[in-house]
Every structure is written in C-alpha cells, then in structure tokens.
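Structure first, then comments.
Convention: sequence-line order gives letters A, B, ...; per-chain numbering from 1. If you're wondering where the values come from, they're calculated on a predicted model, not measured in any experiment.
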Amino acid sequence: RKEVEQDPGPFNVPEGATVAFNCTYSNSASQSFFWYRQDCRKEPKLLMSVYSSGNEDGRFTAQLNRASQYISLLIRDSKLSDSATYLCVVNLISNFGNEKLTFGTGTRLTIIP
Amino acid sequence: SQTIHQWPATLVQPVGSPLSLECTVEGTSNPNLYWYRQAAGRGLQLLFYSVGIGQISSEVPQNLSASRPQDRQFILSSKKLLLSDSGFYLCAWTNRGYNYGYTFGSGTRLTVV
C-alpha cells in the first residue's frame, strides 16, 4: 500500500464550480499534513497546512480525519488560475526530530472557462 | 528572508557522464536539507536528507550520492549517469522542529541521453 494515496484525476471542472480532492495515508503516526500546489514544470509550493480542527484560507478548506487517516481539500468558486496539480503531503517526525515529508502523486485539476 | 537557490535549471548529459547539482540556502542556519526527484508523470521521491554538515541519510539505493560540505550547501552527485536518472531534481529546506513543511528550490530538469 502506498504511504500517501490520491486520485490522480484529471478533474476537469467548470469555472466557478466547487471541487474536492481526497487523500489517504497509511502511517497512523504521521504528525502533520499539508497540501502543496505544483504548476506544470515548476517546483511544488505550499498551499496550506491541514489542522485537526479543519482550516480555511479564502476559497480553500482543508479537513483532517485522523481516525480514518483521510485528508481533504475543497476549492470553492474555482478560478482558471487554480489549474494545477495538488499534492497531498504527510510529515513523520522521528524521535531525533528529523522531518520527512512523503508526497502523494498528485491530483491534476483543470478549470474550464 | 530565507531563499533557496538551485542550479542549473536545465541539464542534458550523456550516459556515463558525471553529475553535480548544487543547492544553497540563505537567511537561515542549520536547516534540514533534502533532495527529491520527480520522474515524468510520477510523484516526488525522497533521495537524501541532511540534518547537519557531513550528515547524509540515503532513502533509496542508487548511483547517486549527496554531500553537505557547508551548513547551507547541499550537493547531489553521480560518477556515471544512467538513462533512468532523468527527471526533475528538487532541493528543499526546512527549519528543524518548526513543522511548517518544506520550501523547494526551482529545480533542475535533467535529461540523460
């Protein structure tokens, strides 16, 4: 089983629609969670952290369900500029304080005018 | 503010040639440093990470090596490149213990021919 699993898509969504991505992770000891965005042929960039209580940043809402080992990202009122690949990321911090991020393979989103 | 520099941006190398990719971080001290590779259409694979000068941990066995000769310098090397080494190489850093995710460099796109 992959450590982080995402639906690869592609998701083709009309502008203004709401779209949701899901992600599952296998290691129950994982301690922190993130969504990254990667544009074509560019480096990944942090979109938002995911907190246990759920968090919102403008049109973006992230949720975490530790019991089900499940993370989600909701994008409301989607814009053309939201077209990108969204990476689900899980962080496992070792006893020595070393962080190791594990990335999902990403979900490709295309917003259609 | 902290910045991360990675070069070159693009590289075309023949099979069997050596490789040296460099990454430097500015504006911070004692960062954790990481090398990732992203093959075409695939997720990010952690290759090496370092928590200090001269301290390198390897995640996957391969013909690549890494070194950290200075606190904010991380180098990825190979003595003889293989076709399978082609990919998008990304350096990343984080401040240990802050759990803010990683910041990536702009990447090097390597094509082995």
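- In the hydrophobic clustering of this structure, Phe21(A) does not group with Val89(A); members are Ile, Leu, Val, Met, Phe, Trp, Tyr whose side-chain heavy atoms approach within less than 4.5 Å, directly or through other members.
- Put simply, Leu21(B) and Leu83(B) are part of the same group of oily side chains (I, L, V, M, F, W, Y) that touch within less than 4.5 Å, one to the next.
- Of all heavy-atom pairs spanning Pro44(A) and Leu90(B), the tightest one is CD-CD1, 3.8 Å.
- Minimum heavy-atom separation, Arg41(A) to Phe88(B): O-CZ, 4.1 Å.
- Tyr36(B) has its ring centre no less than 6.0 Å from the ring centre of Tyr36(A).
- Trp35(A) and Leu87(A) fall into different hydrophobic clusters, where Ile, Leu, Val, Met, Phe, Trp and Tyr side chains are chained together by heavy-atom contacts under 4.5 Å.
- Within the 4.5 Å cutoff, no side-chain heavy atoms of Thr94(B) are placed close to those of Leu101(A).
- The structure places OG1 of Thr103(B) at 10.0 Å from CD of Glu43(A), a figure rounded to the nearest 0.5 Å.
- With rounding to the nearest 0.5 Å, the separation of OG1 in Thr105(A) from CD in Gln45(B) is 13.0 Å.
- Neither the backbone nor the side chain of Gln6(B) comes within contact range of chain A; no heavy atoms are under 4.5 Å apart.
- Tracing side-chain contacts under 4.5 Å through hydrophobic residues (I, L, V, M, F, W, Y), one reaches Val25(B) starting from Leu47(B); they form part of the same cluster.
- Counting non-hydrogen atoms of neighbouring residues, nucleotides and ligands closer than 6.0 angstrom, the CD atom of Glu3(A) reaches no more than 12 such neighbours.
- Using a 4.5 Å cut-off between heavy atoms, Gln38(A) touches chain B through its side chain atoms alone.
- Residues satisfying the salt bridge (charged side-chain N to carboxylate O under 4.0 Å, His left out) criterion with Arg108(A), sequence neighbours excluded, are absent altogether.
- Note on Phe34(A): it clusters hydrophobically with Tyr49(B), by side-chain heavy-atom contacts below 4.5 Å among ILVMFWY residues.
- Once rounded to the nearest 0.5 Å, the distance linking CG of Leu46(A) with CZ of Phe104(B) reads 10.0 Å.
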